[in-house]
**Q** 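Sharing a structure with you now.
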Amino acid sequence: MGIYLNPDNRDFKKSRNSRLYVDKSMLIDYLNQVMDTDQQFVSVSRPRRFGKSMAANMISAYYSRGCDSRKVFSGLKIADSVDFTKNLNQYNVIHLNMQDLLTEAGSVEEMLKLLQSYILFELTEEFPDVRYFDRTKLVRSLKDVYTKTKVPFVFVIDEWDCVFRIHQKDTKAQKQYLDYLRFLLKDQSYVSLAYMTGILPIKKYGEHSALNMFYEYSMMNASPIEEFTGFTEEEVQELCKEYPMPFDEMKKWYDGYHVNGLSVYNPKSVVEAIFRKNLSNYWTQTETYGALKIYIQMNQDGLHEKVSELVAGGDVPVNTAKFQNDMTTFQSADDVLTLMIHLGYLSFDGKDGVGTCHIPNSEVQQEFMNCVEEGGYEHLIEAVRESEELLALTWQENEEEVAKRVEKIHQENSSILQYNNELSLSCAVTLAYYAAKKQYTIVREMPAGKGFADLVFIPDRESAVPAMVVELKWNESAQTALDQIRDQNYPDCLERYHGEILLVGISYDKDEKIQKKKHFCKIERVEKN
């Protein structure tokens, strides 16, 4: 049993002993299936505090010959797997936290020297009877141990991408690091499994990667292990029952990450909210908002306009395929947006790298607003400041003033929102009602009655405000929008809501002869028993 070679299971025991533990042990079942196959190299990238280190500790505790983990896995799903006992504590595990090693060493070159000397020390201590050809060469010594013992190695490498995050511009050191990992792992018969975790996917250099043997599982494509990316909706529902918490509000705050169609919640924030019995911003407190601020203040390829549309509630097209998987190479707005997806500030919906991105939830939305207030987004900030007044005017059913306010915001932001379509109007209205996010969950294109309601404002549990159903029309009348709400029974979508509902129809005339495109509003108040 060592620190790096065949560690014990103490770190995973701490997770199991925690008051709140969500069973993600079936990840091991998948790893058992790919072990000693062409898919044995697994690279998992996801945002900070999404459970990467916990998973690494779990994997190490399961495979390591340095401990007996039967008891610590008792009661978990993996214990019922056919291969559970076959692989339990049967491998030589090398578990590395590259962030710790780099912090200790200071430079990448010194880090690699430390890594080699630490493992060699433990290797020769653990296997003193092995005849080593050269005790100073790590790869050769690993081969010597495997040849003698016939016990293969499992490599668990946590925070593997720290070199690219800390030494962002040192391409020479980055290449040295990638080449070292390649030599350590690729085509080596002593490797049965390699599992790496990080925030960034594997760095590309041109069209090639030194670690091209790895299968990558990211926030954009984690299939078939997407359920281990974070907490699933079913898991959060169970937690909300066990530790009484309002599920709908938990969803509003921490859901929104879509991974291969699966709804994923931020695990760090869900746990904090349950422990503290308070829904608030927890995940983004783990790092300063300066990290996000740096990127959204850039303006490659009209990035400011895209960020403004994101804050307005829009889905922005993005092509992630050209991203070089680092934090410095930005050729377009797509590259910046892709990095923000990997960092957890945006969620991605699409396939093969092409799709749309959006701000996932209220927690991250707050962080965006903190950043845009620093400058460069004056129209956006002004619209947000006016939104509280607009919300009050809507509650007062002041149709004329509501129409004027929406028209003003739509026109002032017309440079960022293509004007003549209902999607543009939808984004403008969402931006105009930004303040409503404090008291409502806002759902766009919500299934309702005989169709889909454009915008539904569902009051939070403790908010004494009316629900709102908003229908938008382009080049048609506001009355037509209001009639559609009634005729299509859109209020039926508020199944669990009882009380006042404001039916709001908003439209504008696109007639090019009208210099200032005229907006209209009709409001009707109804009661739902």
Side-chain angles (χ1 to χ4, degrees), residues 304-305 308-314 365 369 372-373 377-440 442-445 453-459 463 465-486 490-491 500-526:
H304 279 206
E305 286 77 9
S308 296
E309 190 166 348
L310 288 166
V311 172
Q365 183 84 22
M369 288 309 302
V372 300
E373 286 176 358
Y377 295 87
E378 285 73 20
H379 285 315
L380 183 64
I381 296 304
E382 183 62 25
V384 169
R385 287 173 181 160
E386 293 179 354
S387 63
E388 290 190 7
E389 293 180 15
L390 175 63
L391 186 59
L393 289 166
T394 307
W395 291 337
Q396 295 163 15
E397 302 177 61
N398 190 331
E399 298 171 339
E400 183 177 351
E401 195 61 33
V402 167
K404 287 181 181 178
R405 298 297 181 99
V406 171
E407 181 176 301
K408 178 174 181 288
I409 290 173
H410 198 180
Q411 289 173 350
E412 288 179 348
N413 291 279
S414 61
S415 62
I416 64 171
L417 305 172
Q418 294 181 4
Y419 208 93
N420 285 331
N421 59 53
E422 287 180 21
L423 177 60
S424 163
L425 183 57
S426 177
C427 286
V429 170
T430 305
L431 180 59
Y433 283 101
Y434 186 88
K437 295 183 179 185
K438 296 177 184 178
Q439 297 168 284
Y440 291 92
I442 304 174
V443 183
R444 299 173 68 175
E445 293 296 322
D454 286 334
L455 290 165
V456 178
F457 293 68
I458 306 170
S463 298
V465 295
M468 298 195 299
V469 178
V470 180
E471 183 65 22
L472 309 172
K473 287 297 177 186
W474 169 52
N475 211 31
E476 294 186 64
S477 72
Q479 186 62 51
T480 299
L482 198 63
D483 291 342
Q484 182 171 321
I485 295 174
R486 287 195 306 268
Y490 286 171
E500 290 185 328
I501 303 176
L502 292 180
L503 312 183
V504 183
I506 297 175
S507 70
Y508 77 91
D509 190 332
K510 78 177 186 74
D511 191 341
E512 300 297 334
K513 296 178 183 178
I514 303 175
Q515 187 176 4
K516 291 186 177 180
K517 301 174 177 67
K518 187 70 175 175
H519 289 60
F520 304 91
C521 176
K522 296 292 289 184
I523 302 173
E524 181 178 315
R525 188 180 298 264
V526 298

**Q** Can you find a heavy atom in the side chain of Y433 that is under 4.5 Å from one in the side chain of S387?
**A**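 Sidechains of S387 and Y433: no contact.
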
**Q** Within this structure, what is the CD-CD distance for the pair E373 and E378, rounded to the nearest 0.5 Å?
**A**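 It comes to 11.5 Å.
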
**Q** Thinking salt bridges, do R525 and E500 make one under a 4.0 Å N-O criterion?
**A**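 Between E500 and R525 there is a salt bridge, with a charged N closer than 4.0 Å to a carboxylate O.
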
**Q** Looking only at non-hydrogen atoms, find the nearest pair between L502 and E397 and report the distance.
**A**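 So the two residues come closest at CD2-CG, 4.3 Å.
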
**Q** To the nearest 0.5 angstrom, please state how far the CG atom of L455 sits from the CD1 atom of I506.
**A**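 Reported value, rounded in 0.5 Å steps: 8.0 Å.
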
**Q** Could you tell me which non-hydrogen atom of S477 sits nearest to which non-hydrogen atom of S507, and how far apart they are?
**A**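 Smallest heavy-atom distance, with atoms named: C-OG, 3.5 Å.
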
**Q** Search all heavy atoms of L503 against all heavy atoms of P491 and return the closest pair with its distance.
**A**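 Scanning both residues completely, I find the closest heavy atoms to be CD2-CG, 3.9 Å.
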
**Q** Within the 4.5 Å heavy-atom criterion, are V470 and D454 side-chain neighbours or not?
**A**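 Contact flag for V470/D454 side chains = no.
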
**Q** Counting only heavy atoms from other residues, nucleotides and ligands, does the tally under 6.0 Å from NZ of K437 exceed 12?
**A**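 For K437, atom NZ is crowded (more than 12 foreign heavy atoms under 6.0 Å).
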
**Q** Is a side-chain donor or acceptor of Y440 paired with a backbone partner of P466 at a separation under 3.5 angstrom?
**A**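 Such a contact is found between Y440 side chain and P466 backbone.
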
**Q** So, taking the atom named NZ in K408 and the one named CD in E382, what distance separates them when rounded to the nearest 0.5 Å?
**A**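 Going from the NZ atom of K408 to the CD atom of E382 covers 5.5 Å.
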
**Q** Could you measure the distance from the CD1 atom of I442 to the CE atom of M468? Nearest 0.5 Å is fine.
**A**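 Spacing of CD1 (I442) from CE (M468) equals 7.5 Å.
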
**Q** Measuring only between side-chain heavy atoms, which start at C-beta, is L431 closer than 4.5 Å to E309?
**A**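 Heavy-atom side-chain distance check fails, nothing below 4.5 Å.
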
**Q** How many angstroms lie between CD in E524 and CG in D483, if you round to the nearest 0.5 Å?
**A**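 Here the interatomic distance stands at 9.0 Å.
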
**Q** If the plane angle is over 60° it's perpendicular, under 30° parallel, otherwise tilted; pick one for H304 and Y377.
**A**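 H304 and Y377: parallel rings.
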
**Q** Any side-chain heavy atom of H519 sitting closer than 4.5 Å to one from K404?
**A**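 A side-chain contact under 4.5 Å is absent here.
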
**Q** Do Y434 and V311 have side chains that approach each other closer than 4.5 Å (heavy atoms only, starting at C-beta)?
**A**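 They are in contact (side-chain heavy atoms under 4.5 Å apart), so the answer is yes.
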
**Q** Ignoring hydrogens, what is the shortest heavy-atom contact between C521 and V402? Give both atom names and the distance.
**A**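 Distance-wise, the nearest heavy atoms are SG-CG1, 3.7 Å.
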
**Q** Determine, step by step, whether E471 and L482 satisfy the side chain to side chain contact (heavy atoms under 4.5 Å, CB included) criterion, reporting the C-alpha distance in whole Å, the side-chain angles of both residues, the deciding distance to 0.1 Å, and the verdict.
**A** CA-CA 7 Å; E471 183 65 22; L482 198 63; over 6 Å; no

**Q** Quick check for you: to the nearest 0.5 Å, what is the distance between E389 atom CD and R405 atom CZ?
**A**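 Separation between the atoms: 4.5 Å.
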
**Q** What closest approach, in Å, do Q439 and S463 show between heavy atoms, and which atom pair accounts for it?
**A**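 Closest approach of Q439 to S463, heavy atoms only: O-OG, 3.5 Å.
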
**Q** Carefully, step by step, assess Q479 and F520 under the rule side chain to side chain contact (heavy atoms under 4.5 Å, CB included).
**A** CA-CA 9 Å; Q479 186 62 51; F520 304 91; over 6 Å; no

**Q** Does any part of the side chain of F457, heavy atoms only, come nearer than 4.5 Å to the side chain of T394, both counted from C-beta?
**A**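 The answer is no; the side chains never approach within 4.5 Å.
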
**Q** Determine the minimum heavy-atom distance between Y490 and V469, stating which atoms define it.
**A**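 Residues Y490 and V469, closest heavy atoms: CB-CG1, 3.9 Å.
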
